[in-house]
Protein chains: 2
Amino acid sequence: MASRITPSDKGTLPKGLMLLRVLGEFPSGARFTDVSQESELPVATTHRVLATLVSHGFVDYSEDSRLYTLGLRIFELSHKVAAVNTLNEIALPIMKKLADETGHMALLNVLDGTETLVLERAEPPRPIHVQFPVGARLPLHSTASGKVILATMPEKERNELLKGMKFQKVTGNTITKRKDLNTELEQIREGLFAVADEENEIGIRSIAVPVVAARSPRRMALALAAPAYLISKKDLIKEVKVLRQTATDIGHRLIAF
Amino acid sequence: MASRITPSDKGTLPKGLMLLRVLGEFPSGARFTDVSQESELPVATTHRVLATLVSHGFVDYSEDSRLYTLGLRIFELSHKVAAVNTLNEIALPIMKKLADETGHMALLNVLDGTETLVLERAEPPRPIHVQFPVGARLPLHSTASGKVILATMPEKERNELLKGMKFQKVTGNTITKRKDLNTELEQIREGLFAVADEENEIGIRSIAVPVVAARSPRRMALALAAPAYLISKKDLIKEVKVLRQTATDIGHRLIAF
DNA sequence: CAAGTATTTTCCGACTATTGGAAAAACTTT
DNA sequence: AAAGTTTTTCCAATAGTCGGAAAATACTTG
């Protein structure tokens, strides 16, 4: 278990990467002060780093509005993240079918660090207002996707991941004790699906199953999410069959993502 | 006209950003040596910078395959680039309709720096093999989109942009002289559409019109691209009407992108 | 519209993270 | 198991960063 070197945590690069993340929090543009305050960097430093990011196209600056925004270079790069394009072309249509059939929002999530990331989403015909945009991050312990991913990963890896993590109480139903989580994961492994019953957001229930793609190092899950008033936990579980079918289908076609 | 400061061109940040671009060229992963060579940085430097990028989630490293790839953080960020999500939801369906009706590939391009960037694309039903993936960059002077964007931008801005640019001869038909380009742009302004007749790629013809979105600082164009053997220049021009209609439609709905 | 306030940009000496050649370590191949 | 290749680490000189504070610019208000 190599300690895998000591990546510098000071210097401009980490600061620059941090500023990119900060700018992500201002979708409609951030003023200089916003960036400086949010990042808690001295103004002089912020200024210098921002200038570099701008000059390389990673950040756009509008002289008119005096706003900084993430640049198109980010957009460009994201389409070169291995096989991201296949998500739209392969996974989305399949997910759309699932959403249409079940009437619920379908979400494809992937483990990234200690969170889950929304890779793709398909809305059902009926307009609902559950907001999980693509690119959103969600906790592991309070979501169906997170739990099913945790449950199905190798024990060693899971322990490594959970070590020292604390589980924030997001709603009244959130599992917050490691012991309770272990019990839940054990149970999930039995049925190979996970349910989150208003554990991450009051008023939302969801169910998820693992997605296994050939030659993919990524841990993914396919989920259905619905407003609680629309479907009981029991009825949601009835969808597990079609959900699992879809997940298998996606897994077979999402080679090496 | 402020010279807008002196952004550092040395140091880790520029190097890190460069490595991200380099990794974009290896969609299926790059070995350490690939990165080091392609970037022309000393191995020690490459190593240190890569480690920092990895530790911040911008680059993934697989111990098994020993390959570096762009990380999901990039994917995440790209969905926070102002209103990128609306492209899929708003523009794509409209473009798909255009592609279906005309039988040609529809492309939405945006000016970024001295190039054009493919923002969105819709394929026609019939399978064609013109490859312009989303995220691809194309020259301004040899493409329909590039030319129509140049033609319709304020003169001052255009001069600023073209100043010192040299126009690479991509195919036998490419316009390479500034003077010829000016003449062409003049003509484009008359009809408000541009045609590229195998100017960027032998065997491909395309036509483009401007897309004007409310409160958008971006310069965009909507294009149709087709294999030359499928359609004559004359017939392609006949599509300008429906193309323009679609462009207007998109412009109206793509607020503030 | 001038004075006052808030925001953004620049300056510069002290300091510290970066640099990169070269050697060591870890793999791969023969 | 030796030879070759690729990756990782070391370390002292150096060059870029740091950030407080002042200057410049934009915005507000009486």
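Letters A, B, ... are given to chains in the order of the sequence lines, protein chains preceding strands, and every chain is numbered from 1.
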Length of the [atom1]-[atom2] vector between [X] and [N], whole Å:
X       : N      : atom1 : atom2 : answer
A:Leu19 : D:dC18 : CG    : P     : 11 Å
A:Met18 : D:dC18 : CE    : P     : 13 Å
B:Glu63 : D:dT8  : CD    : P     : 9 Å
A:Leu67 : D:dA26 : CG    : P     : 15 Å
A:Phe32 : D:dA24 : CZ    : C1'   : 14 Å

Inset, instruction - Please list all pairs passing the salt bridge (Lys or Arg N to Asp or Glu O under 4.0 Å) test where one or both residues lie in residues 20-33 of chain B, with sequence neighbours left out. - result: B:Arg31-B:Asp34
Inset, instruction - Using salt bridge (charged side-chain N to carboxylate O under 4.0 Å, His left out) as the criterion, list what pairs up with B:Glu186, not counting sequence neighbours. - result: B:Arg189
Legend entry - Sidechain N-carboxylate O distance under 4.0 Å for B:Arg218, A:Asp60: yes
Legend entry - A:Phe32: ring-ring contact (aromatic ring centres under 6.0 Å, His included) partners, not counting sequence neighbours: A:His47
Legend entry - Listed partners of A:His79 passing ring-ring contact (aromatic ring centres under 6.0 Å, His included), at least two apart: A:Phe75
Inset, instruction - Check whether any side-chain nitrogen or oxygen of B:Tyr68 sits under 4.0 Å from OP1 or OP2 of D:dT6, and answer yes or no. - result: no
Inset, instruction - Encode nucleotides 17-30 of chain C as B, S and - characters from 5' to 3', where the letter depends on protein heavy atoms closer than 4.0 Å: B to the base, S only to sugar-phosphate, - to neither. - result: SSBBB-----S---
Legend entry - side-chain hydrogen bond (donor to acceptor under 3.5 Å, both in side chains) partners of residues 139-151 of chain B, not counting sequence neighbours, each pair once: B:Asn109-B:Ser145, B:Ser142-B:Asn200, B:Lys147-B:Glu184, B:Lys147-B:Glu199
